[in-house]
Amino acid sequence: MTVIQKKEYRPLTEATSITYLQKLGYFTNQVCESVEIGDGNLNLVFKVRPVDQEQGLIIKQALPYAKVVGESWPLTLKRATIESNATKIYNELIPNLVPKIFAHDEEQAVTVMEDLSHLQILRKGLIEKKSFPFFAEHIGEFLANSLFFTSDFGTTPAKKKELELTFNNPELCDITEDLVYTDPFFNSETNSFEEELLEDVQALWNDEVLQLEAAKLKLDFLSKKEALLHGDLHTGSIFASATETKVIDPEFAFVGPIGFDLGQIQANLLFQIFSRTDQKEEILDQLVTIEKVFNETFIRLWEEHSVRPFNQVELIKEKLEGYWIDAIGVIGCECIRRSIGLAHVEDIDSLELDRKIAIKKEILAFGANCIKNRFTIGNIKNLISDWSNKS
Ligand code: SR1
Ligand code: MG
């Protein structure tokens, strides 16, 4: 009997990331350089390249704890395999919108993938006011394809149940359940906000209607099994340039409510509308285009692939309306948690204090309105015209 010796998990360093790749057969006999470039909350990310070439490979390794908090917050390594599996599915559905995966090592929680360093993290690019003219169309297509083909409209009941098993992701879902849907709505230790916001925050904590509606949204997140979600689709999970868009980091992937992915990306674009003093139009156009491209593409896919009894136009219309109502609620939760919860966003946190406080107050009120009035707001177009009329 062959005994397979499992190698103990070890976090890579810049030096060992090079030997790791060379053992896999990449860049053998070449002098390489490795730089840790991870700026997210959870993982190590190394760019390894031969010194005489610009393009290399990316090695991403999950740490057994959340980097943003430290070793006191243990976190499953299984998320690396979830991410690699989700990226493989995306590679089948929308290969031009995700990185290629070259290798995955479950024990070391390591994935070797395409080097995208010619692109920029979208959040950073937007803060620098760069233009991304194709981004909205690309992300609308990404959302429609990834969500349609993993929903009951686009896959078989058996395959859908398989997706639920493969993407059983309780630990990462738990983070979202706490940080997005629970902690910001009461006096939790994980919250972090400026003392100038205390009055506004207490008003949220005492708002019984808001509490009830946030609880309903959390129940949706827990119980709606509509499609395979990316699960953390903010502007830090996207690489982009003037012509390309690549969605990365689906370690939070699970089968959940379609409105979650739709709402997260929209909320993170809205942070730009709140923080900018000019060039807001571009972002407003992106919000509307994403909704339009998503709806049109989802309907086209449904027309081409639907089977009885799911081929009735009333059904798809009703469902699309529901996804956007859910998305408005998610926008509200994301607005509140990124202002007063554990994980903030650079778009707002990098502002000078007085402006930051004023803008956060606006975002908190906007978020609460989205959560409480999502059924009457209904969609992004209405949300924007409502907002423009008030401001
Ligand atoms: C402890 S993780 C904090 C946040 O970072 C991730 O990107 C998710 O958005 C999560 O909520
Ligand atoms: Mg991430």
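Numbers here simply count residues along the sequence, with the first being 1. All ligand and atom numbering here is 1-based and tracks the order in the structure. Heavy-atom basis, side chains included; hydrogens, waters and symmetry copies ignored.
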For this session: State whether K280 and D285 are salt-bridged, where the test is any N-O pair (Lys NZ or Arg NE/NH1/NH2 against Asp/Glu carboxylate O) under 4.0 Å.
Result: no
Exercise. Taking 4.0 angstrom as the limit, do K218 and E177 come out as a salt bridge?
Worked result: no
Exercise. What residue and heavy atom of the protein are closest to atom 1 (C) of ligand 1, and at what distance?
Worked result: V68 CG1, 3.6 Å
Seminar exercise, completed: atom 4 (C) of ligand 1: closest protein heavy atom, distance to 0.1 Å, is N41 ND2, 3.4 Å
For this session: For ligand 1, find out whether one of its N or O atoms is nearer than 3.5 Å to an N or O atom of W73.
Result: no
Exercise. Should E196 and K361 count as an ion pair when the cut-off is N to O under 4.0 Å?
Worked result: no
Seminar exercise, completed: Nearest heavy atom to atom 8 (C) of ligand 1, choosing from I175, D232, L75, V345, belongs to D232
Exercise. Would you say the ring centroid of F167 lies under 6.0 angstrom from that of F254?
Worked result: no
For this session: Report, in ascending order of atom number, the atoms of ligand 1 lying under 4.0 Å from any heavy atom of H234.
Result: 7 (O)
For this session: Would you kindly specify which portion of L42 sits under 4.0 Å from ligand 1, judged on non-hydrogen atoms: side chain, backbone, both or neither?
Result: side chain
Problem set entry | Protein residue, atom and distance nearest to atom 11 (O) of ligand 1, heavy-atom basis | R337 NH1, 2.8 Å
Exercise. What part of E334, side chain, backbone, both or neither, has a heavy atom within less than 4.0 angstrom of ligand 1?
Worked result: neither
Problem set entry | Pair E296 + K292, salt bridge at N-O below 4.0 Å | yes
Problem set entry | contact_flag H344 ligand 1 heavy-atom lt 4.0 Å | no
Exercise. What orientation do F142 and H230 show, parallel under 30°, tilted 30 to 60°, or perpendicular over 60°?
Worked result: perpendicular
Problem set entry | Basic-acidic side-chain contact under 4.0 Å: D347, R123 | yes
